[in-house]
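See structure below.
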Amino acid sequence: MTREDVIEFRLYVVGDLPISRRAIENLRTFCQQYLPGHHNIEVLDVFDVPQRALADHILLTPQLVVICAGQTQNIVGDLSETDSLRRATHVEKEV
Amino acid sequence: MAQVENLAAAVEALHQAYLDVKELTGHQAEAVMHAPTGATYLLPDMQRELRQMERAARQNAEERAAILDALPAQIAILDKEGTITAVNGAWRAFTLAQDYPVASFGIGLSYLAFCHTSSVDWQHTYLTVATGLDQILSGTSVSFTCEYSCPTPQVTLWFLLTIIPLQVGGKTGAVITHLDITERHTARIRETELRQRIERLMDQAGIGVLVNLDNRPIFANSALAKMLDLASKDEILAHSEIRKLFDRPRTEANDITSVKDAPPTANFMPAMLTLHRKDGGSVTFDVRLFSIVWDGSTAACAVFTDVTERLLIESQLRAAQKLEAVGRLTAGVAHDFNNLFTIVLGCADLLHDAVQDKPDLAKLAEQSMIAAERGADLTNRLLAFARLQPLSPQVVNVNQRIVAMEEVLRRTLGSRIGLKMTLSDTLWPAHIDPGEFDNAILNLSINAKDAMPNGGHMSLQTRNVDIKSDSDGNRDIEPGAYVVVSVGDDGTGMSEATQAHIFEPFFTTKDVGEGSGLGLSMIFGFIKQSSGNITVRSALAKGTTIDLYLPKAGAGHA
């Protein structure tokens with residue numbers, strides 16, 4: 001990944017439920033820590049935009065769509081495990 | 001029956017599916033979507049959670065409303081446009097009580113528009129509040145407060161208005177709080193009035209008040225500053241120690257810093273306090289001391305009463321009474337002695353004529369006559385002091401008489417003493433016995449000469465003096481018009497102790513046999529008998545000036 005790349009995140013949630021809220025917090029923390037200035041987060045409520053959810057093949061919430069270097073990956077859950085996020089965004093683990 | 005079993009099977013399948021979803025997502029999913037329809041289903045756990053959250057939010061909202069209603073201030077919540085979206089109970093009660101012409105307590109109205117309708121005398125405050133609200137809503141300020149009055153038909157109310165920002169759905173609204181501070185405002189005005197009233201009482205009561213805490217002045221009034229000839233009470237309070245203010249040895253009797261003995265009720269201190277004023281004069285106080293609780297500590301409060309004038313009047317009165325008493329005694333004795341000397345003189349005269357043929361006896365009779373004459377002369381002078389000598393007051397041009405005496409005075413004073421005469425051109429005529437006046441001037445000149453054994457200058461001055469009734473410094477002189485003759489010298493002067501006695505008969509500073517001690521007594525008696533007055537100004541080594549106040553002719557003196 002080059003520095004100029006901006007990684008798109010689309011996080012699908014339902015209302016203000018606890019796991020969704022945790023997912024938003026965890027994603028923001030991750031991005032601030034590893035991708036400052038190189039990320040764009042969109043939080044979407046599936047009740048508000050069901051068509052977009054279907055287009056992104058969302059079956060479960062909370063679910064994160066990561067668009068990185070032309071690849072699209074989906075991650076389900078509260079994102080407390082950063083390994084999958086790291087893999088999807090090609091961020092090396094800190095030594 | 002089959003339907004029930006089918007339903008049970010479907011529910012069982014649903015439950016299994018739910019468990020599978022949970023299992024597959026590691027308990028991390030909240031909802032599932034049906035791909036063909038796009039319908040979203042909340043998982044049962046999450047449905048329960050959502051219901052609890054809604055309940056909590058509802059309860060929270062109710063509690064918040066109850067708290068807002070319980071507050072005594074009138075509170076309104078505004079959206080980002082400044083429109084009232086919610087108000088509390090106090091707000092509703094106030095709008096009802098004031099009968100404001102707005103529906104729904106102003107909800108839905110622009111707040112500023114609401115304010116505009118609420119008061120007739122509002123223009124200035126309206127602009128101030130509008131500016132403040134704009135700044136809050138635009139995020140350039142985080143709080144705004146102002147106090148304003150709001151006239152109602154009954155009474156003018158005072159409010160403290162506070163505006164703080166409130167984030168509503170990501171937009172900046174505002175919370176407006178009106179707190180009725182009419183009571184506080186009124187109390188503050190009353191307190192100010194009370195303080196001013198007490199300060200005025202303190203300053204106008206003519207007593208000095210000084211409170212000190214461990215020798216540090218913490219309160220003083222203007223009256224005390226005036227008594228001490230200071231510009232203001234701040235000059236007193238500026239001192240770190242009141243001992244510096246009262247620069248004098250401290251004794252038990254005059255220590256006004258001690259609260260140890262300060263009683264709860266005011267007591268006079270055993271000793272009077274004499275202080276030096278800034279202008280060099282001195283002032284004497286009666287001091288009362290009592291303890292007073294001041295900011296939780298016990299301070300000493302001293303109350304000063306200026307008794308300088310009282311003491312002066314008392315001493316003048318005492319001196320006058322003493323001279324009066326001596327005068328009465330002298331009058332009685334002198335009168336009898338005068339009669340006796342008349343008899344002795346008459347008999348000696350007869351005897352002298354009868355023994356002309358016996359020169360030795362005639363000589364004795366002659367000596368008796370001389371002695372009796374001298375005795376009579378002495379008693380006459382005593383009578384003069386007792387104001388009982390026969391006087392023949394006339395309208396006298398004092399200047400003329402002084403000029404006529406000039407040659408005699410110069411001879412009396414001798415060559416080593418200069419005479420300077422300063423006579424007023426417009427001098428009034430005096431009503432006085434001219435012979436006794438000449439005697440008085442001669443006597444005073446002799447006194448002046450005696451006060452200047454090494455030579456010097458004597459001055460003779462005449463002037464008109466009109467003493468008004470409220471004139472200070474001449475308390476023992478009746479108001480009226482006087483011709484004043486001043487006889488001054490630059491000789492040895494007199495101590496205050498000597499000055500206190502100079503008019504008493506037989507008081508003399510001259511050696512035994514040199515003076516009778518009756519000169520000034522006679523002048524005193526003569527002047528008093530003529531409805532005039534005599535005063536003395538003297539300082540050791542500087543000289544003495546005697547002022548004779550002679551009544552102006554025709555001025556109606558008794």
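Reckoned from all heavy atoms, side chains included, excluding hydrogens, waters and symmetry mates. Protein chains get the first letters and strands the later ones, always in sequence-line order, with residue 1 at the start of each.
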Stepwise side chain to side chain contact (heavy atoms under 4.5 Å, CB included) check, A:Leu54 with B:Met33: CA-CA 8 Å; A:Leu54 285 178; B:Met33 275 191 89; 4.0 Å; yes
Do A:Leu59 and B:Val32 touch side chain to side chain, with heavy atoms closer than 4.5 Å? no
Contact between B:Glu49 and A:Leu17 at the side-chain level, heavy atoms closer than 4.5 Å - yes or no? yes
What pair of heavy atoms forms the shortest contact from A:Pro62 to B:Ala29, and how long is it? CD-CA, 4.3 Å
Looking at [X], I'd like to know if its [atom1] atom is crowded, meaning that more than 12 non-hydrogen atoms belonging to other residues, nucleotides or ligands lie closer than 6.0 Å.
X	atom1	value
B:Gln52	CD	yes
B:Gln59	CD	no
A:Glu81	CD	no
A:Arg22	CZ	yes

Does anything in residues 40-50 of chain A get under 4.5 Å of chain B by heavy atoms, and if so which residues? A:Val46, A:Phe47, A:Pro50
Between [X] and chain A, with a heavy-atom cut-off of 4.5 Å, which part of the residue counts as in contact: side chain, backbone, both or neither?
X	result
B:Thr40	both
B:Met53	side chain
B:Leu42	side chain

Run the numbers on A:Ile19 and B:Gln28 for side chain to side chain contact (heavy atoms under 4.5 Å, CB included), then give the verdict. CA-CA 7 Å; A:Ile19 301 176; B:Gln28 290 286 312; 4.1 Å; yes
Would the distance check show the side chain of B:Glu30 and the main-chain N or O of A:Thr61 forming a donor-acceptor pair, the cut-off being under 3.5 Å? no
